[in-house]
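Along the sequence shown, residues are numbered consecutively beginning with 1.
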Amino acid sequence: MNMRKLLTAAVLATSIAAFAGPAFANPMVYGSIDVSGGSTGITTTMNGVTTINFSNPANIFSVSGAFDELMTSTSVPSVICSSCVTLGTPFSNTSSLPFQLFTGMSNNDGVALSVTSDTFNALGGGGYEIFGTGNVSLTGYTTTMGSFSMTIPATGEGASVDIFTQTPEPGTLAMFGAGLLGCAFFVGRRRRGAKFQG
């Protein structure tokens, strides 16, 4: 009997979390964003320190998922906003982490990426490709871990930063569904018990 009570308590706790969680917590950031622009200067010293200098401002060229919040009535798919992003500079393979790679504002919503890990890879012609992870923030959403890739073709050319975060909805929906099933199971058992007693 005690085992049934424990199981019932666990099901109810899951149900409450499923209903209460989305209502009281901001959703996680999900989707992708492409930040481009800002001519760059790349220097590499003899001891292997690669430094990238950006000239600001930069632009947001495409968005998906939660980042759609950044679109305005005048946005087009190829240009979400011009001159709305500030890139952190200089950025190097020895920069102290976390490093604020960019901040932006569009449609009264702020967006930012704070790099927590990075890997610099040299490309032909003097360019670089940088991969890593970071904390992505967006107004109205909970700061979320995401991955990014940055391409800098060569000195004097524009940089492109692509950021991706995972979509959390399937997990949230699964938890919500488990909560509903738990409630149905609990209510069904109570009704059956009352029926047999009456």
Fill in the blank from the handout: dist Tyr141:OH -> Asn26:CG (nearest 0.5 Å) comes out at 9.0 Å
Exercise for the section: For the pair Thr144 (side chain) and Val29 (backbone), establish whether a donor and an acceptor sit closer than 3.5 Å, ignoring hydrogens and angles. Expected result: yes
Exercise for the section: Please answer whether the main-chain N or O of Leu87 pairs with a side-chain N or O of Asn56 as donor and acceptor at a distance below 3.5 Å. Expected result: yes
Handout entry: Verify same cluster id: Ile152, Phe99 (apolar side-chain graph, 4.5 Å)
Key = yes
Problem - Flag, side chain of Asn107 to backbone of Met71, donor-acceptor distance under 3.5 Å - result: yes
Problem - Rounded distance (nearest 0.5 Å) linking atom CG of Asn59 with atom OG of Ser160 - result: 11.0 Å
Practice task
Could you check Ser92, Ser39, Pro90 and say which one makes a side-chain contact (heavy atoms from CB on, under 4.5 Å) with Asn53?
Solution key: Pro90
Handout entry: ILVMFWY cluster, Leu97 and Met145 together (side-chain gap under 4.5 Å)
Key = no
Problem - Pairwise distance CG(Asp109) to SG(Cys84) - rounded to 0.5 angstrom - result: 11.5 Å
Problem - Any donor-acceptor N or O pair under 3.5 Å, side chains Thr133, Thr116 - result: yes
Problem - Hphob cluster co-occupancy, Phe164 + Leu101, side-chain heavy atoms under 4.5 angstrom - result: no
Practice task
Report the C-alpha distance between Phe148 and Leu113 in whole Å, list the side-chain angles of each, state the deciding distance to 0.1 Å, and finish with yes or no for side-chain contact (heavy atoms from CB on, under 4.5 Å).
Solution key: CA-CA 9 Å; Phe148 77 92; Leu113 171 67; 4.0 Å; yes
Exercise for the section: State plainly whether one hydrophobic cluster holds both Phe61 and Met105, where clusters connect Ile, Leu, Val, Met, Phe, Trp and Tyr through side-chain heavy atoms under 4.5 angstrom apart. Expected result: no
Handout entry: Enclosure of Asn108 CG (heavy-atom neighbours >12, cutoff 6.0 Å)
Key = no
Practice task
With sequence neighbours left out, write down each residue that passes side chain to side chain contact (heavy atoms under 4.5 Å, CB included) with Thr50, or none if nothing qualifies.
Solution key: Ile42, Thr44, Asn93, Phe120, Tyr128
Completion exercise
Here the pair of heavy atoms bringing Gly110 nearest to Thr139 is N-OG1, 2.7 Å
Handout entry: Spacing of Ser147 atom OG and Ile163 atom CD1 [to the nearest 0.5 Å]
Key = 9.0 Å
